[in-house]
Amino acid sequence: MRRRRRYSKWNLTENLAGYLFMTPTILVVGTFVVLPILYAIFLSLHKVRLLGGIEYKFIGFRNFTRLIEDEQVGIALRNTLEYVAIVVPTQTVLALILAVTLNAGIRGKNWWRILYFLPTVTSSAVLTLIFMWIYNTDGLLNHVLAFVGLPTYNWLGDPAVALKGIMIMNIWSTAPFFMVIYLAALQDIPQKLYEAAELDGANWWQQFVYITIPLLQPVTFFVVAIGIIGTFQLFDQSYIFSGGTGGPNNATLTLVLLIYQAVFRNLQMGYAAAIAFLLAVVIIAITLIQRRFFGGERM
C-alpha cells in the first residue's frame, strides 16, 4: 500500500511538472489558434454590425446557406480550384527537374542555385508589380512582340488570360523554394543504389523512375501538401493585379480575396467567417485525398 501511494504521488508530481513545462506552449496555442477558431465559429453564426458600436445578432446557419446562393462564391471557388490544379503540379514537376539538374553536377552549380532561388527571396508584392509592368499594354512583353512583328495584346484586361498571368508568376517564384527541398532529399539518397542499378544495366531514365521517384515520395507528399495550402490562400497577387476587385470580370477573384471584400468593403464579418470555413473544409478535404493518393499512412 505504501509503495502504491508513493508511486501515485510520484506520478502526480511528474504529471504536474510536465504540464508546468507545457504551460507556455498551451497558452500560446490557446491564445493564437484555439481562441481565434472558436471566435470564427461564433462570428459565422451571427450578423455583426461594426459601425456605431459592435453588435452581434444570432442568425444560425444563415451565413452558410447564403454561400450556396452567392454567385461570387462559386466564381471564386472555381478560380481558386483552377489555379491550384495548374500551379501545384507544374511547380512540383519544375522544382524536381531543377533539383535533378543541379544534383547532376553541372558547372557553376552554386551560381545556378543562387540564380534559381532569387525569385523566392524577392517580395511577393514587388514581383507582382514587375509582372504587371511586363503584362501591361505598353510593357515589356508587348514591346518584344511588336519588335518581332507579332500583334500586341491586352494581357491584364482579358478575363481569359489574367489568371494565367498570375499562375506563370507564381510558378516562377515558388518552384525554386521546393527545388531546395528536393535537392536536399536527392543528396540523401545513397549513391550505392545507383551504382548497383547501373551494374544491372539500368539506364539513367530507369534509375530515375525506379529509384529516385519512389524514394522521393515522402518529400513529394510534403511539397504537394504545402503547395496546395499555399495556393488556396492566394490573395496579394490577385489583389494587386485587380486593385482589390478580382477583375477583369471576376477572373482573378479568389476565396481569400472574397473574404477580404466581405470584411473590409461590405463589413460582413459573419459572412466572411463562413467563407473562411468553406476554404478550410476544401483545403482539408483535398489534403486528405492527396494523402491517400501518396499513401500517407504508410509514410
Within-4.5 Å side-chain heavy-atom neighbours: L278 and V282: yes
Distance (rounded to the nearest 0.5 Å) between F232 CZ and I284 CD1: 11.5 Å
L255 side chain reached by L77 side chain, heavy atoms, under 4.5 Å: yes
Side-chain donor-acceptor pairs of residues 88-96 under 3.5 Å, sequence neighbours excluded:
| residue | atom | partner | partner atom | Å |
| --- | --- | --- | --- | --- |
| T90 | OG1 | I86 | O | 2.6 |
| Q91 | OE1 | T174 | OG1 | 2.6 |
| T92 | OG1 | V88 | O | 2.7 |

Side-chain donor or acceptor of T120 paired with backbone N/O of S173 under 3.5 Å: yes
Which atom of I283 lies closest to which atom of T287, heavy atoms considered: O-OG1, 2.7 Å
Side chain N79, main chain N250, donor-acceptor under 3.5 Å: yes
Under 3.5 Å: donor-acceptor pair, side chain of T254, backbone of L234: yes
S238 side chain to F235 backbone, donor-acceptor under 3.5 Å: no
Can you give each donor-acceptor pair under 3.5 Å made by side-chain atoms of residues 20-42, sequence neighbours left out, with the distance rounded to 0.1 Å?
| residue | atom | partner | partner atom | Å |
| --- | --- | --- | --- | --- |
| T23 | OG1 | Y19 | O | 2.7 |
| T23 | OG1 | L20 | O | 3.3 |
| T31 | OG1 | L27 | O | 2.7 |
| Y39 | OH | Y56 | OH | 2.8 |

Donor-acceptor under 3.5 Å (Q290 side chain, F221 main chain): yes
Spacing of CG belonging to N142 relative to CZ belonging to F147, to within rounding of 0.5 Å: 15.0 Å
Within-4.5 Å side-chain heavy-atom neighbours: V219 and I181: yes
Contact check, side chains of V73 and Y271, non-hydrogen atoms, under 4.5 Å: yes
Non-hydrogen side-chain atoms of Q207 and E198 separated by less than 4.5 Å: yes
Heavy-atom pair of closest approach, residues A99 and L183: O-CD1, 3.5 Å
Heavy atoms from other residues, nucleotides or ligands near CZ of F177 exceed 12 (cutoff 6.0 Å): no
Main-chain N/O of D138 paired with N136 side-chain donor or acceptor, under 3.5 Å: yes
Spacing of OG1 belonging to T231 relative to CD1 belonging to I226, to within rounding of 0.5 Å: 10.5 Å
Contact check, side chains of T137 and T152, non-hydrogen atoms, under 4.5 Å: no
Y260 and Y239 aromatic ring geometry - parallel, tilted or perpendicular at 30°/60° bounds: perpendicular
Salt bridge (charged side-chain N to carboxylate O under 4.0 Å, His left out): pairs with one or both residues in residues 65-88, sequence neighbours excluded: E82-K164
Expected output: side-chain S44 to main-chain G270 donor-acceptor under 3.5 Å: no
Any side-chain heavy-atom pair of L67 and F277 under 4.5 Å: no
Expected output: side-chain Q187 to main-chain N103 donor-acceptor under 3.5 Å: no
Flag side-chain contact, heavy atom, 4.5 Å: L102 against L186: no
Exam field: side chain Q237 to backbone S124, donor-acceptor pair closer than 3.5 Å: no
Test item: N203 side-chain N/O and W205 main-chain N/O as donor-acceptor pair under 3.5 Å: yes
